[in-house]
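Each ligand, and each atom within it, is numbered from 1 in the order the structure gives.
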Amino acid sequence: MPPLIFRKGLDLKHEVAHLLVERYHSDLVATVKEADYRYQSGRLTVHLAREFGFCYGVDRAVDYAYQARRRFPDQQVFLTGEIIHNPHVNEQLRGQGIRFLSDAGESLDALTPEDVVILPAFGITIELLDDLAGRGCTLVDTTCGSVLNVWKNVKRYADDGFTSVIHGKYWHEETRATASQALRGGRGHYLVVLDRAEANLACEYIRHGGDPAAFLGRFEHAVSPGFDPNVHLQRVGCANQTTMLSSESLEIGETFRQAMHDRYGEAELASRFRAYDTICSATQDRQDAVTALLAAEPLTLMIVLGGYNSSNTCNLARICAARLPTYHIAEPEGLLSEAAIRHRPVGSKHESTTMDWLPAGPLAIGLTSGASTPDNLVGTVIRRLDELAAR
Ligand code: SF4
């Protein structure tokens, strides 16, 4: 029997709608939006970016998870891992009895055909999907349409004999899932590049060749099995993890285009290089909105709210940090006091506490949040800023 897979919800949208509003909506945020995205109180003005917070893919994934819990009240319901990269949302799902296969003590081997498994918005690898299907579990697939669009492109690259060059983090769930699609059952290949520096390294190899062993050592976890840079960099197609920094992705695509042009000439370019911008529109909108906010308002500092492992949130913080003091906080509780803030500096792997972060005098604070951050947390941050500025 093929497994039962729900891909379009579970017909319980109306039954869970009130729960989602209760848990993730914020009246304060709705009011701030109506007031031209501005909150004014005493010496404090908060300027909210015009696009922030839950994206369409996350909205849908969380909705389906709540529907799944309601549809299968007597069965064990699992997530393969975090449904989205927001600790608050994940904890609330745990609170409903949804278990996480990534937690210590959980095991795929314990799953039975009676169990229900929810697949996250950023997708899972083909191997894991096959494994779950083989165990006969009921699957609730929340993979975002924008991720499916990337998969469509990398599968086409593989079919046409192109290696997928994926701008992303090789350890990120979405990129691992996309890479598995690029393999196309062993016929395709991929190379994951994290940033401009890695793209430049690969492009130097395309232009001038090099030592394959050194190349493979450098990209040890970021290439497909059997990858040979002398063979598999001859035709490349670019794609992205959907939540990368858009400007960097475009630049990386252009770097590869130029390298292929330099190596093979204009006449062969079309048969050796392809690119599609697969940054999702929600990521793009949030990056554009924060860029517009930085250009429009003279801000004292910027607060970026969202999980530290949320790629799109980290990229919002990168954009801001290049312009003004920026504090990426994972949760409102990071606003410890008017004297101290707990945050993760851009580029660092560790959280730290900065003292004397809130200056005296008038404050114009910019605020945005990542695509996995619900509005109720944004509202809590605004209230907390108001309290701290009034002390
Ligand atoms: S960030 Fe983009 S790709 Fe990811 S879930 Fe949201 S809309 Fe989909």
Taking 4.0 angstrom as the limit and counting only heavy atoms of [X], give me the atoms of ligand 1 inside it, by number and element.
X: Ser146; result: 3 (S)
X: Thr242; result: 3 (S), 4 (Fe)
X: Cys280; result: 1 (S), 2 (Fe), 3 (S), 7 (S)

Under 4.0 Å between a Lys/Arg side-chain N and an Asp/Glu carboxylate O for Arg187 and Asp159? yes
Presence of salt bridge, Arg94 and Asp103, under 4.0 angstrom: yes
Tell me whether atom 6 (Fe) of ligand 1 has Cys55 as a neighbour, meaning an N, O or S atom of it below 2.8 Å. yes
Is there a heavy atom in Thr243 that sits closer than 4.0 Å to ligand 1? yes
With under 30° as parallel and over 60° as perpendicular, where do the rings of Phe6 and Phe72 fit, or are they tilted in between? perpendicular
Just to verify, which of His221, His167, His85 counts as forming a ring-ring contact (aromatic ring centres under 6.0 Å, His included) with His172? His85
Any N/O/S of Cys144 under 2.8 Å from atom 8 (Fe) of ligand 1? yes
Counting the benzene-type ring for Trp, do His328 and Tyr308 have ring centres under 6.0 Å apart? yes
